[in-house]
Amino acid sequence: MKQLIIIALLLSSLSVSASGRIAPPDYPNNRYPLVQKPYLDLPLGSVKAKGWLHEMLVRQKAGASGHMDQLYPHVMGQRNGWLGGDGDQWERGPYWIDGLLPLAYILDDKELQAKVQPWVEWALESQKANGFFGPNKDYPHESGIQRDNAHDWWPRMVVLKILQQYYSATQDERVISFMSRYFKYQLETLPEKQLGNWTFWARYRAGDNLDIIYWLYNITGETFLLDLGKLIHSQAHNFIHMFCCTDDLKKFNTIHCVNLAQGIKEPAIYYQQDSNKEYLHTLKKGFADIKMFNGQAQGMYGGDEGLHGNNPTQGVELCSVVEMMYSLEKIIGITGDQDYMEHLEKIAFNALPTQVTDDFMYKQYFQQANQVMVTRHHRNFYEDTNHGGTDIVFGTLSGYPCCFSNMHQGWPKFVQNLWYATPDNGLAALVYSPSEVTAKVGGGITVKMVEDTYYPMNDKIRFTLNIETKRIKTVSFPFHIRIPSWCEEAVITINNQPYRTVKGNVVEVIDREWSTGDIVELHMPMGIQIDDTWHEKSITVQRGPLMYALKIEEEWTKKDFTDNEKKQYGESYWEVTPKTPWNYGILQFDKNKTKEVFQVSVNEEKMKAAYFWNLENAPIEMKVKAKTIPNWKLYNEMAGPIPFSVRWENEPVKEITLIPYGCTTLRVSQFPVVR
C-alpha cells in the first residue's frame, strides 16, 4: 500500500501535454501532505512590467522608493537596527526593503539591488548558533524611532518575506540553511514565548510566517516544519472563529485595519496543511461581511486604524491597501477563486494609484471614498487626535510613518503576481496589465509571452508568444486566461481567426500546440454595473474593473510644517481643495438602461500615454444627469452625511462628468439618488 501511495504521488506531480506526452513539472507544487495549488508562483524577475505599469515602477525608483535612505534617514539610514545600528529596529526598515527588493529585481536595476544587498547580508550574518537572528538589544526611548522590542517575532516575519524573495531572484542557498535554523529556533522557543509575548502584532500577522514555513517545506521536505506550522496556527489570531462565530465585523474598532488586511490570508494559507474546506468557506463569508458592514467603493473598508464602518468618509489606511493586495495575491494561488482576482484588480486600479502622488514622493495616510477636502483638519477618524490633523494630507511622515515605509510593495508585487505557472505545465494570466513573462512550459521549454494592453482603461488584450529555447519550433501547453464576471461574453481569437466566445466568470484554458508568433486576442466588452447596497443606499458606478467618481477640479497648495513639527511629520505637505461643486446626486434612472443613462467617451491618445492616473490625463469620461443637493454640505471639512432619500423638484437637471476613481484626488464615488 505504501508503494502505491508513493507511485500515485509521483504520477500526480507529472503533467500530460496536449500530445499525450508525460512531462516532468516545470515548477513544483506543494509537497505531500500539503494541498495541491491550482496556480504556482514564478521566480521573482520572471514577470516584467510594460507600458503604463512599467512607468509606475520607474516613478517609484525616481521617487520615494529609491530614496528612502535620504528622505527618512533617521529611520532608514545606517543607524537602523537591521543594519546593525542602534536606531529603529522594528518594522519600518524591513517594510521598505520588502518593496524595494522586488522593485529592484523586476526592473533589473543594479543600483537598487545594491541598496538592498546590505540589508540582506546583515540579516544573514546576524544569525546566532541557536537560529535567532536580527537586532538583539533594547535601547531607551528616542523620539521618532522604535527600538525597544528587539526580540519581537513580528518584524522578523517581514524579513523572512524579504529573504524568500531574495532567494527567488538569486537562488542564494544561504537563505535555505538560514531559514531552517531559524524555524527550528521558533519550534523550540514558541511554546514558552508565544507569538504575543512581546507585542500582539505577530498573532494577527502570523500568516506571513506560516507562508514562508510552507515555502521552505516545499524545498527541503523537513517534517518539523509541519509541526511548526500547526504551532504557529494555534497561537495566531483565530480569523475563522472571528468570521463565523462572532459579530466583530459588525462593530467598530474590534480589529486593527492592517491586521485585518494582513491576517485575512492566514486561513487560506493554513488550509494547505489542514484541508478542511470550512477554512475557505468561512473566508468567503469574512470578505462578504467586510464589504457589507465596512465596505467602500474602491474595494477597501473603513479602517482609520480601528475598523470603522462603511461610511464613505471614514479613512482607509494605505498600509491596508498594499497588505490586502498581497493577501489576495497569496489567496489566489491557493484557491484559484476568481472573486479574489477581481478584488485584487479593484484595489490595484482604484485605491492604490490615488493614494500616492504622481511622482511617488508623497502619500496619504488615509483616503476616503467620498473625499472633497484634503486639508489639515481634525476629522472623525479613530486616530484623529494623535496626528495633528494630518491624516489625509499628502505628506511623507504625515499621519503615521508606517505607510511611508510600507507603500513600496504595492506595484512591484502586483507585477510579480500578474502571471502564474500551472500544475499542467502551462501559464495563467489571471490579473491583467501590460507585461511580459518568461517561463518554462510543456516540460522544460522556455517561452516568453508578451501582454500588450491599455487595460484597465481598454477592454482588449493581445498575447504574443515567442519560443526562447533554441531549435524548438513548437511546444504544447495550456494557457489559462480569466474572463471576469463583469464581462457578459468575451471574444477570443487566435492568429486573427475566431476561437470561441466565453461567458464571464470563468478561466478559459486554451490547450494547443504553439509556435513563435502565435497571437491570442481577448476582447472583454465593459458594461456598466450599478450597485446600490452601500451606506445609506448610495450607489456606485463601475465599468469593467474601474469604479467611477465625480470629476472635481482641484487646487493643490504646498505648505511647510513648523520647525518643531518637521521631525514628526516631515518637511512639507500638500492640501487639495475643490474648485467646482461636489454635492450632486445622480438622477433616478432605470437600471436596465444604463447604456442610455451613462454616456461613455474614450480619449485614445490619453489612453495610450505612459501615465494616466490623474485628473488631467484621465482617458475615460462618463456623462450622467444629476441635481445639486443644497443641504448636502461640508461637515468637519468632509462631505456631510449622505442624504438617504432625496427629492429636489425645483433644482435644475445638470450633466456631471465621472472619471476613473484612480484618476481622482477629490471625489464623490458613492452617490445619493435624486428623484
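Values in this document were obtained by computation on a predicted structure and should not be read as measured data.
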Are the aromatic ring centres of [X] and [Y] under 6.0 angstrom apart?
| X | Y | value |
| --- | --- | --- |
| Phe366 | Tyr382 | no |
| Tyr573 | Phe561 | yes |
| His343 | Phe287 | yes |

Return yes if a side-chain donor-acceptor contact under 3.5 Å exists between [X] and [Y], otherwise no.
| X | Y | value |
| --- | --- | --- |
| Gln60 | Ser65 | yes |
| Glu305 | Asn386 | no |
| Arg667 | Thr354 | yes |
| Gln368 | Gln296 | no |

Rounded to the nearest 0.5 Å, what separation is found between the [atom1] atom of [X] and the [atom2] atom of [Y]?
| X | Y | atom1 | atom2 | answer |
| --- | --- | --- | --- | --- |
| Asn505 | Trp486 | CG | CH2 | 12.0 Å |
| Tyr432 | Trp419 | OH | CH2 | 8.5 Å |
| Leu318 | Tyr400 | CG | OH | 15.0 Å |

Whether [X] and [Y] hold their rings parallel, tilted or perpendicular, with breakpoints at 30° and 60°:
| X | Y | result |
| --- | --- | --- |
| Trp52 | Trp613 | perpendicular |
| Phe239 | His237 | perpendicular |
| Phe414 | Phe349 | perpendicular |

> Under the criterion ring pair (Phe, Tyr, Trp, His ring centres under 6.0 Å), which of Trp556, Trp574, Tyr365 is the partner of Phe394?
Replying inline: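 The passing option is Trp556.
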> For Lys551, which residues count as a side chain to side chain donor-acceptor pair (under 3.5 Å) partner, sequence neighbours excluded?
Replying inline: Glu621
>> Which heavy atom of Ala64 sits nearest to which heavy atom of Met407, and what is that distance?
In response: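 Residues Ala64 and Met407, closest heavy atoms: CB-CE, 3.8 Å.
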